[in-house]
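Everything below concerns the one structure shown next.
Below, chains carry the letters A, B, ... as their sequence lines are ordered, and counting in each starts from 1.
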2 protein chains.
Amino acid sequence: MGGFPTVTDVALAAGVSRQTVSNVMNSPGIVRADTRERVEAAIKELGYRPHASARRLRTRRSSTIGIRLDPMIDGISGSVLDRFLHALTEQADAQGLRVLLFTATSPEDEITQFRRLNDGADVDGFVLTSTFAGDPRTRWLIENGISFVTFGRPWGVDDMNDPQHLWVDVDGWSGLQDATRAQQEAGARRIAYIGWPSPSGTGDERRRGWYDAMTLRGDVSASDLARLEVVTTDGVSQGTAAMQRLRQQAGQVDAVLCASDSLALGAMIANPERVPVTGYDNTPVAAAIGLSSIDQAVDEVAAGVLELLTGEFGGKVHGAPESDEPRHRLIAPRLVVREFAAIPMDVAR
Amino acid sequence: MGGFPTVTDVALAAGVSRQTVSNVMNSPGIVRADTRERVEAAIKELGYRPHASARRLRTRRSSTIGIRLDPMIDGISGSVLDRFLHALTEQADAQGLRVLLFTATSPEDEITQFRRLNDGADVDGFVLTSTFAGDPRTRWLIENGISFVTFGRPWGVDDMNDPQHLWVDVDGWSGLQDATRAQQEAGARRIAYIGWPSPSGTGDERRRGWYDAMTLRGDVSASDLARLEVVTTDGVSQGTAAMQRLRQQAGQVDAVLCASDSLALGAMIANPERVPVTGYDNTPVAAAIGLSSIDQAVDEVAAGVLELLTGEFGGKVHGAPESDEPRHRLIAPRLVVREFAAIPMDVAR
DNA sequence: TGAATATATTTGATCGATCAAACTTTTCTT
DNA sequence: AAGAAAAGTTTGATCGATCAAATATATTCA
């Protein structure tokens with residue numbers, strides 16, 4: 001006996017036609033109950049599985065979403081995207097969606113991949129990560145009417161009310177606001193912030209969360225507040241340097257918030273006074289070291305992405321039905337508090 | 001003008017038949033040069049892309065490999081698999097192969113997924129990670145004649161010469177041997193090892209690497225050697241505890257080798273004397289902290305996996321052509337030496 | 001040159017499912 | 001109970017590519 005059973009085999013076994021078998025699988029509602037049962041029994045008995053490629057050829061949809069696997073950047077923060085990928089795959093699976101990976105060396109190359117995957121009916125839509133202002137990829141996808149959702153807001157004009165595409169993002173502002181408040185409630189007054197140089201969409205947002213919470217409380221003068229801030233690029237050693245600079249310029253510091261776990265880890269290294277340090281991303285490193293951190297809630301992000309991709313808008317803003325549904329999801333991150341019992345570090349030599 | 005151009009459109013434009021167009025794409029050698037050029041021009045002009053699903057339906061192959069995205073374990077060592085995934089995707093892409101992800105909650109569930117993906121012609125084969133002795137998944141795949149390669153050796157009888165399936169693994173023995181030798185050459189004599197309880201395929205292998213190098217050198221007595229070894233389960237805090245135990249039972253220690261970066265990180269925490277510590281996996285944490293570590297060379301593993309999957313054996317041992325080619329690849333890991341300048345740590349309180 | 005061989009190209013059938021429309025059976029209406 | 005409407009089921013065509021076999025063209029050799 002040749003290969004696997006097909007619809008025709010099932011139909012024959014159940015004494016119905018191909019189409020009825022197809023209906024049982026795709027629109028069970030329109031098949032009479034007793035017929036349906038008969039067909040289902042036949043499917044089970046023969047161990048029938050629909051041939052995905054044949055279905056795709058006909059329906060022109062693949063139940064697959066494509067996502068680019070970004071090159072590992074520094075490895076530490078990179079793990080957020082990996083966790084997102086895990087969450088996305090898990091939740092997509094639960095909805096019968098598949099996740100197809102691809103890589104690309106540049107935005108242009110990525111567009112080539114978009115075209116290939118889309119033309120070949122390999123995927124129904126894409127999930128984009130690491131978007132940036134003026135991203136050519138989103139423009140191309142919009143122009144070609146391809147479904148997609150980004151993890152990361154467009155950072156354009158009025159992206160809340162009139163976004164050019166669907167997006168999900170984590171509210172860094174609220175994350176840092178929460179972290180600042182938590183320290184304030186624990187009795188800290190002089191709370192410092194180590195962040196990235198402006199302009200940086202996410203970076204500016206996080207800084208503003210700290211800044212707003214500090215000015216709202218109002219117990220630190222404006223000039224002191226300026227001294228409590230250090231700007232640097234991302235990285236562990238940069239964090240160490242920033243911490244040292246902070247100690248010089250700010251005098252006493254009750255707590256330190258950082259724009260990333262890399263910076264936070266670096267800050268911890270130059271932290272003999274054991275000032276509480278809070279990172280961002282809640283990476284494995286933070287967990288291992290016992291560092292408080294702001295968790296991006298990647299599972300909620302993944303859920304939001306899938307909702308937008310498969311929901312009312314079908315992954316599109318242009319050409320989608322009129323609706324008052326929001327075209328984005330802004331996820332509030334969770335502050336994970338840890339007592340950093342295990343790691344008192346001294347400055348090297 | 002409806003959708004995308006098809007072979008027929010291209011054929012019409014080039015003044016040839018469908019099949020010739022197909023030949024240009026799949027066996028260019030049998031098409032006369034001038035015809036080929038004409039067809040290629042038409043393809044380019046029309047922007048033709050083959051419809052992947054249609055091709056798969058006909059050829060019964062998908063140019064896609066499936067891999068399960070394991071649930072994150074502790075996050076630190078988990079990143080090895082993520083790095084492997086990156087490497088695999090990148091190299092698969094270069095060969096025109098796609099990588100499809102899926103998740104599963106148990107080996108049985110995973111088998112269900114195997115069946116679904118295979119029956120639906122979604123994938124041509126699988127890559128398995130985290131295999132274990134008596135793994136039901138490999139048995140099922142063999143029984144069903146499905147192509148696959150494992151990252152991780154079978155740990156069965158004579159898996160070198162008569163493996164039940166194709167595999168790629170990293171030679172932990174040689175990794176620890178190298179690390180031990182490196183310390184010996186740097187002047188260390190009393191080199192300790194913190195490892196996992198036996199039986200553990202990988203764990204025992206790594207331990208043996210240290211043990212063999214130590215006995216070969218022969219400058220440490222057998223009883224001392226026993227005192228230089230601590231056995232514990234994996235984890236950061238276990239590493240710290242192990243290091244403390246080691247100090248008590250072994251007296252002076254010149255260097256410490258660990259079965260994982262988690263253990264190594266833990267060991268570093270209880271390491272005021274700044275004894276050199278070497279981990280395993282070369283995770284981002286090791287890089288960030290400045291910890292020597294043994295790198296699993298995931299890119300070579302990925303290359304090996306693809307070679308076995310697409311090569312002579314086609315991902316199968318049974319039913320594959322007779323051949324003297326090895327049915328596995330044993331990759332030598334690379335020792336990455338770091339001066340841990342930045343992190344002298346004290347024991348907490 | 002003409003038959004024999006090798007090379008190049010075309011035609012018809014097919015992969016397995018779903019769509020669209022035709023057909024049959026059941027249910028509702030008056 | 002007859003006709004209309006609704007519900008359920010079947011048939012033929014189709015998605016886009018490749019296979020297998022047939023046909024056309026070019027090359028070789030006696």
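Side-chain N or O atoms of T310(B) include one that pairs as donor or acceptor with a backbone N or O of L306(B) at under 3.5 Å.
As a whole-Å value, the separation of D34(A) CG from dT25(C) C1' is 13 Å. Protein atom CD1 of I30(B) is 11 Å distant from nucleotide atom P of dT7(C), rounded to whole Å.
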What's touching nucleotides 13-18 of chain C from the protein side, N or O pairs under 3.5 Å?
| residue | atom | partner | partner atom | Å |
| --- | --- | --- | --- | --- |
| dA13(C) | N6 | R18(B) | NH2 | 3.3 |
| dT14(C) | O2 | R58(B) | NH1 | 2.9 |
| dC15(C) | O3' | R60(B) | NH2 | 3.0 |
| dG16(C) | OP1 | R60(B) | NH2 | 2.1 |
| dG16(C) | N2 | A54(A) | O | 3.4 |
| dA17(C) | OP1 | Y48(A) | OH | 2.8 |
| dA17(C) | OP1 | H51(A) | N | 2.9 |
| dA17(C) | OP2 | V7(A) | N | 2.6 |
| dA17(C) | O5' | Y48(A) | OH | 3.3 |
| dT18(C) | OP1 | N26(A) | ND2 | 2.7 |
| dT18(C) | OP1 | R55(A) | NE | 3.0 |
| dT18(C) | OP1 | R55(A) | NH2 | 3.2 |
| dT18(C) | OP2 | S22(A) | OG | 2.6 |
| dT18(C) | O2 | R58(A) | NH1 | 2.7 |
| dT18(C) | O4 | R18(A) | NE | 3.3 |
| dT18(C) | O4 | R18(A) | NH2 | 3.4 |

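Between F126(A) and F102(A), the ring planes lie perpendicular to each other; the angle is over 60°, past the 30° to 60° tilted range.
Taking 4.5 Å as the limit, every side-chain heavy atom of H165(B) sits out of range of all side-chain heavy atoms of H328(B). Counting heavy atoms from C-beta outward, H86(B) and D82(A) have side chains that approach closer than 4.5 Å.
Residues satisfying the side-chain contact (heavy atoms from CB on, under 4.5 Å) test with A303(B), not counting sequence neighbours, are Q91(B).
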